[in-house]
Amino acid sequence: MSVHGRPLASSVLLVLAALPAGLGAAEPKLTARQEQGQALYRSTCLHCHGERVWGTFTLGRRLGANNALLENRTDLVRPYVEAVIRKGVGSMPPYRRTELSDAEVEAIADYLSRNTRAQ
Amino acid sequence: MAQVLPPNVSPERFSKALDEFAAIIGKEWVLTSEEDRNTYLDPFAPGNADEHASAGAIAPQSTEEVQAVVRVANKYRIPLWPVSTGRNLAYGSAAPVLRGTMVLDLKRMKRILEINEELGYALVEPGVSFFDLHDALRERGDTYWISSPAPGWGSVIGNALEHGVGYTPYGVHADTICGMEVVLPDGDVVRTGMGGVQGSREWQIFKLGYGPIWDGAFTQSNFGIVTKMGVWLMPAPGAVANVVVSLQDENALAPLVDTLRPLRLNDTINATYTIVNPYRAIIDDARLQGQVRADIYSGPGVLPKDVIARELAKRGKSPWSVNFNVFDVREAGLDLRLEAIRSAFGKLPRVNIDVQRWRAGEPRPGWARVDPGLFALGIVDWYGGPGGHMNFAPVCAPIGSRVVELYELIHRRFVEHGLDCYLGMLNSGNRGLILNAVMFFNRNDDDLTRRGRELYARLAAETAALGYGDYRAHISFMDHAAAMYTFNDHALRRLNERVKDALDPNGILAPGKQGIWPAGLRSFRKTGDHS
C-alpha cells in the first residue's frame with residue numbers, strides 16, 4: 001500500500017518525525033467547533049496543505065519541515081489564522097465571505113490553534 | 001485602498017445604488033469593505049492588481065435576486081462583472097476588466113438541482129464547483145465521471161463558459177453544455193434550447209431546440225448571466241489506460257504531432273492529450289519534488305541548454321513527450337486502442353511508451369485526472385513567491401510543420417524576453433490544438449512581470465500577422481486577444497458589439513470582457529488593432 005507513491009510505512013514515519021514534541025501522544029477530544037473546523041479544513045485547505053503538496057512544500061521551505069503541516073503546529077493563534085484565510089499570504093489567495101462565512105473561518109482557526117497554549 | 005467607484009458614477013449615486021442592492025439581497029451580501037474588496041483582486045496579477053480593482057461585490061442567492069440586481073444596475077449605470085466561483089486563476093480570478101466594476105458573485109447559488117442517472121446529465125447553479133459535483137457523483141457510486149480541469153477549484157459552469165478543457169472524452173467542456181437559464185442585461189430571463197418550451201423535460205438532452213443555438217453566444221461573452229446550466233456527464237468507463245510517449249530526439253515535435261493527428265481524428269485516442277516541451281518536463285517534475293527555479297539555476301536569462309539537458313537526464317525525462325488517457329467501455333476495446341497506439345508510435349526513433357491500466361472496480365488512480373485537486377497550482381511559485389502566471393494560447397492545426405513553426409517563434413520570443421518557456425500543447429476536440437505558453441513571474445519582481453506583459457503583447461501582434469488567434473486571455477489582455485481576430489477589419493468584433501449594444505444599451509454587463517465594449521465605454525479599449 002502506498003500514499004502519494006511512497007510506501008505507507010515511510011509516510012507514517014515522515015509524519016511522526018514532523019510532529020512537535022508531545023504531540024505524538026493522544027490529543028485531547030476536539031470541541032464541537034473544532035470538529036467543524038477540522039471537517040472544513042480537510043475539505044477546503046488540505047488540497048494545498050496536505051502531505052507533499054504545494055502549501056506544505058512552501059511552508060517547509062520557509063519555516064522548516066517541522067512547521068510545514070499546519071494541523072501539527074503548536075504556534076498558530078486564532079487571529080493570525082483568520083487573517084491568513086481572509087487576506088491570503090504569499091501565493092495563497094484569500095477566501096471570500098461567499099466561500100467561507102466568518103463562523104466557518106473561526107472554526108478553522110479554532111481547530112488549527114487547538115495545540116497552542118498561550119493565546 | 002481608497003474607495004473605488006464605477007466610471008462616471010458619483011459617490012452619492014453609488015451609495016443610493018448600494019442601498020437598493022441591500023434592499024434586495026440583504027446588507028451583509030453587499031460587500032464593499034476594503035477587506036472584502038481585496039478578496040476580489042486578482043491574486044496572480046501580472047502587475048498592479050489595483051488596475052482591475054472592483055468597487056465591491058454583490059452576492060445574490062437566486063435567479064430572481066439576480067434579475068432585481070440587474071434592474072438596479074441599469075437604473076444607476078453600475079457595471080457588473082458576473083463570476084461563478086471567481087477562481088478563474090491566471091485569467092484574472094474574480095477581478096473585472098474595467099476598474100470600478102462591481103463583482104456579481106454567484107458563489108451562493110450553489111445547488112445541484114438535478115443529477116439524472118437515466119440520461120447522464122446534471123443541472124447546476126454557477127456556484128457549484130468541480131469538487132461539489134465530484135462529491136455528489138461519488139455519493140451515488142461514481143456511475144458517472146466528471147471532467148475536471150487542472151486545477152479543479154473553479155465552477156462547473158464558469159469553466160465551461162470560459163472554454164476550459166479537461167482530460168476525459170468529455171474534455172471540451174463547452175461541448176458538454178446542454179441548456180441554460182440566462183438573465184439578460186435588462187433583467188429579463190430566458191431558457192435556451194428546449195428550455196424555451198414551458199414545462200419541457202427535454203431541456204438537458206437536446207441542444208438544438210428550434211431556431212438559433214444561443215448557448216455558445218453566452219460563453220466567453222458579456223451578453224447575459226448564466227444562472228442554471230445543463231452539463232452532460234460521462235458514463236463510467238470499464239477500462240482506462242494512461243499512456244506516456246517519450247521521445248529523445250530534440251526534433252521530435254513534428255513527427256509526434258503528425259503521429260497523434262490520425263489517432264485523435266479517428267478517436268483511437270479519445271481524450272485530451274498534452275504534449276510537453278523540455279521546460280515543462282523539468283518544471284512539472286520539480287513541482288512534484290517541491291523544488292523551485294532557484295534549486296536548479298539562478299543565473300540570468302532562461303534555463304541554458306546545458307542545464308536543460310542535465311535536468312532532463314537527472315529526472316529521467318525526454319525533450320518531448322505526450323501524455324494522455326484512453327477510455328473504453330471494456331478491456332478488450334482498450335486492448336485494440338493500445339495496440340494501434342503502440343504500432344503508430346513504435347515507428348518513431350528513440351521512443352519509449354509507458355502504459356498504466358485501470359479496470360472497473362479498482363480504486364480510481366490519480367493519473368486518470370478525474371478527481372479534482374489543486375496540486376497544479378504549485379507551479380506558480382517557479383520564480384519564487386508570491387508567484388503568478390498568465391498564458392498565451394494560440395490555436396493551431398495539428399500539422400507537424402505548422403506547429404513547429406509556431407512553437408519556434410514563441411520559444412524564440414520567450415528566450416529574448418528572458419522567461420522560461422513552459423509550454424504544453426492540448427488538443428481541444430479531435431482537430432484543434434492549443435499551444436498553451438505560460439509566463440510565470442514573481443509578483444515582487446517588477447522587471448520580470450513587465451517582460452511577461454511585453455512578451456504577451458508582442459506574441460499577440462506577431463502571431464496574428466501569421467494568421468493565428470488566442471483562445472482565452474487574462475483580463476489585462478482581452479483587448480489584445482480580440483484584436484487578433486482581424487478578418488474584414490475586425491468584423492467579428494463589430495458583430496459582437498452590435499449584439500452587445502442591442503442587448504445591453506446601458507453597457508452594464510461586464511464591459512470589456514473578451515474585448516467586447518458597450519458603446520458608452522469604448523474609449524476604455526486598450527489596444528490598437530493588428531492588421
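Here is how names work: the chains are called A, B, and so on, in the same order as the sequence lines, proteins then strands, and each is numbered from 1. Keep in mind the model is a prediction, meaning the values are calculated, not measured.
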[X], part contacting chain A, at a heavy-atom distance under 4.5 Å:
{"X": "B/Tyr40", "result": "both"}
{"X": "B/Pro386", "result": "both"}
{"X": "B/Gln291", "result": "backbone"}
{"X": "B/Arg443", "result": "side chain"}
{"X": "B/Leu31", "result": "side chain"}
{"X": "B/Ile379", "result": "neither"}
{"X": "B/Ala57", "result": "neither"}
{"X": "B/Thr85", "result": "backbone"}

Quick one: CD1 on B/Ile58 to OG1 on A/Thr98, what's the gap to the nearest 0.5 Å?
-> 12.5 Å
Between CZ on residue B/Phe131 and NE2 on residue A/His47, distance to nearest 0.5 Å = 3.5 Å
Contact leader toward chain A among B/Ala94, B/Ser129, B/Pro372, B/Ser93, where contacts are heavy-atom pairs under 4.5 Å = B/Ala94
Could you tell me which of B/Leu377, B/Asn444, B/Leu374 has the largest number of non-hydrogen atom pairs under 4.5 Å with chain A?
->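 Most heavy-atom pairs within the cutoff with chain A belong to B/Leu377.
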Do A/Trp54 and B/Val380 have side-chain heavy atoms sitting under 4.5 Å apart?
-> yes
Are any non-hydrogen side-chain atoms of B/Asp381 and A/Phe57 less than 4.5 angstrom apart?
->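 Side chain of B/Asp381 against side chain of A/Phe57, heavy atoms only: no contact under 4.5 Å found.
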Under-4.0 Å salt bridge between B/Asp295 and A/Arg61 |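 Yes.
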Taking 4.0 angstrom as the limit, do B/Glu35 and A/Arg97 come out as a salt bridge?
->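 Salt bridge present between B/Glu35 and A/Arg97.
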Can a cation-pi geometry be assigned to B/Arg87 and A/Tyr95, taking NZ or CZ under 6.0 Å from the six-membered ring centre and within 45° of the ring axis?
-> yes
Region of A/Thr56 that comes under 4.5 Å of a non-hydrogen atom in chain B | neither
With no hydrogens and no angle check, is any side-chain donor or acceptor of B/Arg108 less than 3.5 Å from a backbone partner on A/Glu99?
-> no
Check: A/Ser91 side chain, B/Gly387 main-chain N or O, donor-acceptor pair, under 3.5 Å =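 It does hold such a pair.
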Considering residues, nucleotides and ligands other than B/Lys314, do more than 12 of their heavy atoms fall under 6.0 Å from its NZ?
-> yes
Minimal non-hydrogen separation, A/Arg96 against B/Asp105, with atom names = CD-OD2, 4.1 Å
Indicate the atoms forming the closest heavy-atom contact of A/Pro94 with B/Thr39, along with that distance.
->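 What the structure gives for the nearest pair is CG-CA, 3.8 Å.
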